[in-house]
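Down below is the structure, laid out as structure tokens.
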Amino acid sequence: MLSDSVYTEVAVPLPIFRTFTYEVPETLIDLIHPGKRVLVPFGNRRVTGYVLALKRGITLHDQVKKILDVLDDIPLFPPSIIPFYRWVADYYLYPLGEVIKCALPGGLNITSIERISLNEKGRQVLDLAGMSPLERKVLNVLETEKGLTLKQIQQRLGERAPRAVIYNLKESGWVEIRQELKPGRVRPKMERYVRIGDNIPCKDSLSTVRRTILEVVSDYGEISISALKKVVPTAGQLMKRMASDQYLKIIEKPVYRDPFGEPIEQDTHAPILTSDQKSVVGEIKNALGGGFSTYLLYGITGSGKTEVYMQAVASVLERGEEALILVPEIALISQMERRFRARFGEKVAILHSGLSEGERYDQWLRIVRKEVQIAIGARSAVFAPFEHLGLVVVDEEHDDSYKQETGLRYHGRDLAIVRAKMAGAVALLGSATPSVQSFYNVKTNKYKGLNLLRRIEDRALPEVVIVDLRKEEERTRTIPIITSELKEEMSGTLMRGEQILLFLNRRGYAPYPVCARCGKVICCKNCDISLTFHHEAKVFKCHYCGFTEGMGARCRHCSSSRIRLLGMGTERVEETVRKMFPEARVARMDRDTTSRKGALIKILKGLRHKEIDILIGTQMVTKGHDFPNITLVGIICADLSLNFPDFRSGERTFQVLAQVAGRAGRGEKPGRVILQTYNPEHFCIETAKKQDYIAFYEREIGYRNALRYPPLSRLVLIRVEGRDEERAAQCARSLGNIVRDHIKKRREFQEIIEVLGPTNAPLPRLQNQYRWQLLLKGSNAGSLHELTQVLVQDLERSIRKKGIRIMVDVDPVFML
Ligand code: ADP
Ligand code: ZN
Ligand code: ZN
């Protein structure tokens with residue numbers, strides 16, 4: 001039937017790959033708009049959907065349902081970003097509605113919940129036989145309480161009642177299920193304001209206070225009640241009466257929650273660029289407005305990359321366009337955000353997980369309303385709703401935290417480039433240790449390379465001294481933590497009143513507790529991983545699933561309680577350092593000391609104000625911090641990440657070593673690095689010592705080429721997980737067979753795609769899930785994508801079994 005009704009294409013955030021058409025009722029036609037959320041009937045539920053497009057005069061073959069409501073006053077995203085959402089959904093094989101949900105600030109969506117009650121008929125059968133014990137228990141719970149959710153029933157029962165039990169009870173006609181809507185958690189924040197009312201009083205008839213209130217209000221035109229109270233503390237009580245006399249009018253207005261904790265001093269004078277910086281900025285400025293291109297800025301630590309970003313952004317704003325800056329999560333609360341806000345003030349929105357949901361929503365709306373032209377954020381900021389992007393910056397582009405590891409498994413850096421491409425903008429990646437992937441793209445002319453090879457004011461890169469831990473161990477017959485070389489350097493540094501950074505990429509006290517009787521490792525009960533002993537918390541803890549065991553832990557094999565604490569983590573380093581230098585002020589920065597809100601900022605502040613002499617930390621300390629008084633960096637054990645069964649382990653080792661070394665000597669005083677290692681001749685260590693990225697790259701790309709690993713190929717990782725060991729294995733095997741069948745059928749697949757596995761994942765059991773994986777390696781992205789698409793359809797139809805989870809990771813970063 002051809003109709004002149006208005007229809008709308010809607011994506012729903014459910015595991016469904018297609019979009020749906022709904023009719024727009026007459027009353028909602030003026031309100032509906034692409035980018036707004038709507039409430040739609042879906043099956044027997046009501047769900048939030050996202051309007052993608054409006055259509056008129058189309059022919060429909062099926063009966064369509066009507067949308068129920070329009071949920072937003074203004075669109076949450078511009079229509080121009082919809083093709084980007086579609087691209088993401090297609091590339092990562094993820095439902096479009098879920099992509100959009102992931103892109104938008106969290107907590108907005110209305111959800112439909114089921115409330116379950118016992119009915120009259122159910123009450124009558126309570127005493128009868130003929131039902132399962134579990135069904136009886138459920139009915140007994142419902143006898144006393146009405147309208148429980150499934151979750152509440154499970155809590156009352158203390159066990160997992162499957163949904164099926166409830167549906168059986170409903171089938172039997174004993175319980176009723178009612179759908180109820182639950183609003184999203186986040187709404188605009190409203191604040192009360194006053195204006196001058198319609199009734200103008202004669203001034204002489206008023207008390208002084210009332211007169212002052214009127215004067216203040218008319219001065220401002222409109223003022224929030226809380227601001228007014230600051231001027232006239234007694235205004236609160238009078239206001240109501242003045243409003244009822246219509247001298248004043250009280251209104252409610254949406255306001256923004258303020259995520260910017262402390263005020264930041266303005267930085268109006270940009271420094272004069274060095275000649276290197278000038279030529280880099282010049283090249284980027286030239287590219288702005290000329291369509292899409294990608295630059296990789298390889299700039300050693302302390303070479304002034306941030307200043308380059310800021311000047312490029314200033315030039316984008318002059319052109320009337322917008323700029324997006326992506327940074328690794330941890331760097332946000334430190335310097336990048338401060339420096340941008342000092343330079344650009346109110347033009348900056350920030351988006352990261354340190355904000356409350358409400359604050360994130362407000363920041364998002366400031367972009368939608370075009371009140372800001374710059375957004376700084378972690379990976380998800382790549383979805384920021386700008387309409388005229390001129391520049392997308394990805395700082396520390398090599399950082400693995402750009403990869404999302406749950407749900408929509410996207411890579412923020414890769415998407416930044418796609419986003420720039422679709423917007424015809426410039427993408428600017430920056431790093432002192434570029435990813436092998438990005439540097440390869442420069443070498444093959446996909447990206448343009450830019451360099452900053454000198455530190456600001458020609459400060460020297462720190463000198464790196466390697467200490468061979470094998471020799472030290474032989475000499476002292478103990479496992480060394482602080483070698484004599486490092487100790488000596490530390491004393492000297494403390495004497496000069498300078499600061500020290502000690503790096504060890506492992507938290508806790510002892511990551512390798514072993515039974516003193518039978519020699520077996522003390523493992524997590526849910527994972528095939530050793531527990532880590534935490535001295536402060538006095539527990540053995542699993543770093544994967546969070547399982548903890550108290551001091552009374554026993555060996556699972558021989559029940560002995562004598563446990564030897566082998567290996568070292570940051571807590572043990574701290575203990576050693578405090579004993580060695582009792583006078584020094586020592587702090588530790590790792591996930592354990594920074595989990596409380598504000599704790600990280602406190603440590604960074606302490607460092608800046610020189611209240612800390614020695615900082616011990618994990619990877620966290622490597623990220624982008626600039627502390628001029630740190631002149632000594634000690635790397636306690638450089639080898640920890642070297643032997644991971646992951647083809648990127650060498651790359652990660654080089655990156656982390658070069659980055660942590662780069663924290664030394666950023667001020668006027670030169671820096672020194674003591675690098676302790678068991679593998680002094682490993683090329684990653686040698687090149688990190690010389691801070692010679694190019695030499696590292698040449699060696700590494702040779703290996704990648706020989707093994708056809710990325711960037712010389714593309715990967716798709718398919719992981720099968722399940723509680724039941726045999727079923728997970730079976731499922732993985734049948735997945736393998738199906739993949740090989742598909743490949744057999746198509747010649748181009750045979751030539752291009754290699755299948756590795758299925759095999760046990762390197763971590764074969766985590767959180768009680770047995771893990772298998774299958775790796776697809778392809779020399780052509782198109783064919784690999786095509787095969788994966790076919791597979792995903794198969795997964796839905798035939799492979800997926802009860803109790804088994806299968807996930808597809810396109811361009812995986814973590815292979816364990
Ligand atoms: P990177 O991000 O490359 O490690 P930064 O941008 O943090 O380097 O710069 C290092 C230091 O040099 C910072 O304190 C910064 O303020 C300063 N700086 C940057 N550019 C200049 C310049 N042109 N003149 C003077 N100081 C500069
Ligand atoms: Zn034992
Ligand atoms: Zn565990």
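One-based numbering, in listed order, for ligands and for the atoms of each.
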Has R343 got a side-chain atom pairing as donor or acceptor with R338's backbone, closer than 3.5 angstrom? no
With atoms numbered from 1 as shown, which atoms in ligand 1 lie under 4.0 angstrom from a non-hydrogen atom of T274? 23 (N)
Look at the N, O or S atoms of H557, main chain and side chain alike, and state whether any lies under 2.8 Å from the Zn ion (ligand 2). no
So between A432, S431, P271, whose heavy atom ends up nearest atom 25 (C) of ligand 1? P271
R459, Q277, R455: member with heavy atom nearest to atom 20 (N) of ligand 1: Q277
Examine I272 against ligand 1 and note whether any of their N/O atoms are separated by less than 3.5 Å. yes
Can you tell me the angle formed at the Zn ion (ligand 2) by SG of C515 and SG of C555, to 10°? 110°
Say whether G302, considering both its backbone and side-chain N or O atoms, lies within less than 3.5 Å of an N or O atom on ligand 1. yes
Sub-4.0 Å heavy-atom contact, E457 with ligand 1: no
In this structure, the Zn ion (ligand 3) sits at the vertex of an angle between SG of C527 and SG of C542 that rounds to 10° as 110°
Polar side-chain atom of K347 near backbone of V372 as donor-acceptor pair, under 3.5 Å: no
Are Y309 and F340 close enough that their ring centers fall under 6.0 Å? no
Parallel, tilted or perpendicular: which describes the rings of Y693 and F439, with under 30° parallel and over 60° perpendicular? perpendicular
Please check if the side chain of R771 supplies one atom and the backbone of L763 the other of a donor-acceptor pair under 3.5 Å. yes
Evaluate G304 for polar contact with ligand 1, using N/O atom pairs at a separation under 3.5 Å. yes
Distance, nearest 0.5 Å, that separates CE of M568 from OG1 of T532: 13.5 Å
Between V394 and V382, is there a side-chain heavy-atom distance shorter than 4.5 Å? no
May I ask you to list the atoms of ligand 1 that are less than 4.0 angstrom from any heavy atom of T306? 2 (O), 6 (O)
For R454, does the CZ atom have more than 12 heavy-atom neighbours from other residues, nucleotides or ligands under 6.0 Å away? no
